[in-house]
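Accompanying notes for the structure given below.
Quick note: numbers below take in every heavy atom, side chains included, and nothing from hydrogens, waters or symmetry partners. In this text, all values refer to a predicted model and were calculated from it rather than measured experimentally.
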Amino acid sequence: MSESSQTPKPLSRLQILKLVAMTVLGTLVAWYLSAVLSFAGNTYGFNNRFTEVAIKLHWWYLIWSNVVVLKGYLLVAIGYALLIYPLVLLWSRVRPFGRWGVVWRAALFAGILYGFFIVRLMLEKPYFGDYRYLEGWYYAVGAWFGKGVQEAVHGFIVNVFPSLAVVVAVVFYASELRRYFGRAAKPLLFSAMSVVAMLGVFAVSGYGVGREAAAKVDLLNKPKPKNILIIASDSLRADHLSCNGYHRKTSPSIDKLAEGGINFQKSMTPIASTLESLTSMFSSQYPHTHGIHHMFPSRAMVDKANKEAPSLAATLRNHGYDTAVIGDWCACGFNELPMGFEDITVSDFDNFRVYMSEVVYLHHQILPLFFDNRVGHMLFPKLRSFANYMTPDVVTDQVIDRLKKRAVDEKPFLMFAFYSCTHLPYKTPRQYAELWGDPKYNGPHDHELALNVDEFIGGTDINEKWSKFPPKEVQRINDLYDGCVRMFDDCVGRVVATMKEEGLMDDTVILVTGDHGDDLFEPNVTFGHGLTFNGGDQSNNVPAVMHVPGLEKPGTKIDRIVRTIDYAPTMCELVGVPADKRFEGRSLVPYINGASKDESLAFYGETSYL
């Protein structure tokens, strides 16, 4: 008899729970097998040296990487079962059904949940895939009902509904536990279990439990040394900050810092390429002195720089400072060339196994759906090495955690927070990509620059490339870049807010800067940086906005040339630590103190290659 013609015997709660769990587990197994088969098919479909080496020499690592992901599927299965069980149970109370009724309803809810999280991923992190087939309804809401309704729908899907679902689930299971233990029989046991559950949530989320013990620092009643916080974004142009006269309000948080601090508007890096420019910044030496002239130095060049080049971090460490670098894939160079920093928390991007792991993980959709967060990065540490996962929010969370620890133990610190926000391909969440972009844009560069940048900027056929890149696409790329600037600015805002909350502003020097700028189709250039000096100084001119406690003339703008090699001696003088005699830069403290005399600092620059 069919389910509709005969009312089946009601199933018990335990029977329904078991069937839901088995159905969800079967669904997740199917998703896992689908991902593995997709990975296998794509791997053998590619015919290149990378694939050949990976399959021939590292096949076991590829298999193991797929096995490791299983723990994620198991956790998702548990979560799905916990969410779906109450829905199926409620449905069975409205209309009883048998075992197959439980199975198909559980499968239906699993599909609906999967679809919901795909839509949520599309709204929050569209760079994880091509979701244009899903975007029509979202833009239609905006067109029909206005931007406000569209933003409300966005907020409901991203924040309100997930939170509401969790609250309802918690209330349901709390009720189930009370029913199981009895309303009055074992209240103490129920309360104890609640406390344990709360502690478990804190432990998993990384808050409150397992934190570093705060070390007590006895300063012997001496004034506490000032701290130094340097916040930078890769490829950040000075002329795209609103505090430097840009026509868009790209940097409200940095603007506020500039209003209460000092803004060096013509800060120049001697070389517009990350590894070399950061080496110059922290060693206060020109490339021809420290020896790092390009992005791919030999082991001998790196060893020589590590051994012989001075550094701001090493100088401060000798005076008891905690020194740390926190960054994403753009900061991976510190793994090989730490520049005196002791604690380095950055992505290990340039590693063959990291590349292989990324290829594997990208085929498992559950990772961006459910594990691109603090807990996920604890379960899958390699995610921190992938550009799509080590997001600016993650870097900011780590910076904030460390600032809070230093606020407790009062140890003086030098911290360098380095972001990839403004680096090619200008990949950004939807809210930033759409901040200034044309809402009717329907081209390839929806949420990022969709082309092979290395191929595009290579060669000399600049005029031909110009003709193939229409003005509307150039404008779209500028819109994306400006959205990336705002994304970085929001990160700065979060960090500064934490500094204020923790009482660190009055004892910390803050510098907001970049390693270099970027080309954006100025005359005789396309994209990239460090290849030429064509089009102006857009690749070498970086922001230099400083917060200095006790500044006599806040809001000062310095329209004279300074150099990134001047940062280290400036910081040393501000915190009262003697600068290394091998520094080639000059202290900018005279400008900070209000001196009107031009220091006559000369800019020297050289080209590099990506």
Side-chain angles (χ1 to χ4, degrees), residues 227-241 243-244 250-251 253-254 257-258 261 263-265 267-284 311-313 323-334 337-341 344-347 390-392 394-396 398-400 402-403 413-424 481 484-496 499 508-518 529-530 539-547 562-568 570-571 585 588:
N227 310 305
I228 299 172
L229 173 62
I230 303 176
I231 312 173
S233 183
D234 200 316
S235 310
L236 182 63
R237 292 173 54 141
D239 62 349
H240 274 246
L241 298 188
C243 60
N244 287 331
T250 54
S251 52
S253 297
I254 300 174
L257 211 59
N263 182 1
F264 295 95
Q265 296 180 305
S267 180
M268 309 293 287
T269 178
I271 186 166
S273 185
T274 301
L275 182 65
E276 310 92 286
S277 64
L278 291 181
T279 303
S280 288
M281 182 188 297
F282 287 108
S283 69
S284 186
S311 72
L312 173 63
T323 59
V325 177
I326 299 174
D328 49 28
W329 63 272
C330 278
C332 66
F334 283 95
L337 218 166
M339 292 309 303
F341 283 94
I344 298 172
T345 307
V346 301
S347 297
M390 191 62 172
T391 62
V394 174
V395 175
T396 303
Q398 294 177 341
V399 171
I400 288 174
R402 194 172 189 93
L403 286 173
F413 63 82
L414 164 65
M415 189 184 306
F416 179 49
F418 192 44
Y419 293 81
S420 64
C421 295
T422 46
H423 193 284
L424 288 163
Y481 181 85
C484 292
V485 175
R486 173 60 74 84
M487 177 168 61
F488 172 64
D489 182 80
D490 284 349
C491 295
V492 173
R494 286 184 59 201
V495 172
V496 172
M499 296 283 290
T508 304
V509 177
I510 302 175
L511 169 64
V512 178
T513 187
D515 55 344
H516 54 76
D518 227 4
H529 42 258
S539 281
N540 294 83
N541 185 199
V542 298
V545 175
M546 292 184 67
H547 162 79
V562 300
R563 297 82 50 93
T564 58
I565 62 170
D566 300 324
Y567 294 169
T570 301
M571 295 297 179
L588 303 176

Can you tell me how far the [atom1] atom of [X] sits from the [atom2] atom of [Y], to the nearest 0.5 Å?
X: S280; Y: R563; atom1: OG; atom2: CZ; result: 11.0 Å
X: S233; Y: I254; atom1: OG; atom2: CD1; result: 8.5 Å
X: S277; Y: I565; atom1: OG; atom2: CD1; result: 12.5 Å
X: R486; Y: S253; atom1: CZ; atom2: OG; result: 8.0 Å
X: N541; Y: T269; atom1: CG; atom2: OG1; result: 10.5 Å
X: L403; Y: I326; atom1: CG; atom2: CD1; result: 7.5 Å

For the residue pair [X] and [Y], establish whether any side-chain heavy-atom pair is separated by less than 4.5 Å.
X: M281; Y: L278; result: yes
X: D328; Y: T391; result: no
X: F282; Y: I230; result: yes
X: H547; Y: V496; result: no

Can you sort out the partners of T274 under side-chain hydrogen bond (donor to acceptor under 3.5 Å, both in side chains), two or more places apart, ordered by chain and number?
D234, D515, H516
Minimum heavy-atom distance between [X] and [Y], given as atom pair plus value:
X: C243; Y: S251; answer: N-OG, 3.9 Å
X: W329; Y: S420; answer: NE1-OG, 3.4 Å
X: A313; Y: M339; answer: CB-O, 3.5 Å
X: H423; Y: S235; answer: CD2-OG, 3.7 Å
X: S284; Y: G585; answer: OG-N, 2.9 Å

Derivation and outcome, side-chain contact (heavy atoms from CB on, under 4.5 Å), residues L241 and V485:
CA-CA 8 Å; L241 298 188; V485 175; 3.8 Å; yes
So among T396, T250, V512, which one has a side chain to side chain contact (heavy atoms under 4.5 Å, CB included) with F488?
V512
Pick out which of V495, V545, L511 makes a side chain to side chain contact (heavy atoms under 4.5 Å, CB included) with I231.
V495
Flag for N244-N263: side-chain donor and acceptor within less than 3.5 Å
yes
For T508 and N227, does a side-chain donor sit closer than 3.5 Å to a side-chain acceptor?
yes
Donor-acceptor under 3.5 Å (R237 side chain, D518 main chain)
yes
Can the ring centroids of F334 and F418 be said to lie less than 6.0 angstrom from one another?
no
For Y481, give me all partners under ring-ring contact (aromatic ring centres under 6.0 Å, His included), at least two apart in sequence or on another chain.
H240, Y426
Chi angles and distances behind the side-chain contact (heavy atoms from CB on, under 4.5 Å) call for Y567, L312:
CA-CA 9 Å; Y567 294 169; L312 173 63; over 6 Å; no
